[in-house]
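What follows is a short report on a single structure.
This one's a predicted model, so the numbers in the text were calculated from it and none came from an experiment.
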Amino acid sequence: MSVRELDAVAALAPLETELAMMTAVRRVATKEMGPTGAVEGLAPLDRVHAIAICTAVMLLEARGRTTALKQLDAETVRYEQMGYPRPYTIT
């Protein structure tokens, strides 16, 4: 995962989470600590966002943007059908 891709996806999170995530990424990029240590240093909610951000970047890298977005849309519909609320949107 590149820092640029992590930056782009983290920008979709709330500002506090984006800043926490980017601090963790910078610590890893500068070899100050490893990925596990960087994530463990975050607050619990920021840890959840960090894992979600990394998962989204891996999905984008593995499937490509168009296929990844189609897959996420299909999963969202499936979860709604199971009775879970739709994830919040930025707009």
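- Annotation: side-chain hydrogen bond (donor to acceptor under 3.5 Å, both in side chains) contacts of Glu75 (sequence neighbours excluded): Arg78.
- A distance of 10.0 Å separates CG of Leu72 from OH of Tyr79, quoted to the nearest 0.5 Å.
- Across all their heavy atoms, Arg63 and Ala68 have their closest contact at CB-N, 4.0 Å.
- In this structure the side chain of Glu61 reaches within 4.5 angstrom of the side chain of Glu5, judged on heavy atoms.
- Under the 4.5 Å side-chain heavy-atom criterion for ILVMFWY residues, no single connected hydrophobic cluster contains both Leu59 and Met21.
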Distance-only donor-acceptor pairs under 3.5 Å for side chains of residues 27-48, two or more places apart:
from, atom 1, to, atom 2, distance (Å)
Thr30, OG1, Arg26, O, 2.9
Thr30, OG1, Arg27, O, 3.4
Asp46, OD1, Thr17, OG1, 3.1
Arg47, NE, Leu42, O, 3.0
Arg47, NH2, Glu40, O, 2.7

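- Remark: Gln71 CD to Leu60 CG distance equals 10.5 Å, nearest 0.5 Å.
- Within the 4.5 Å cutoff, no side-chain heavy atoms of Met22 are placed close to those of Leu19.
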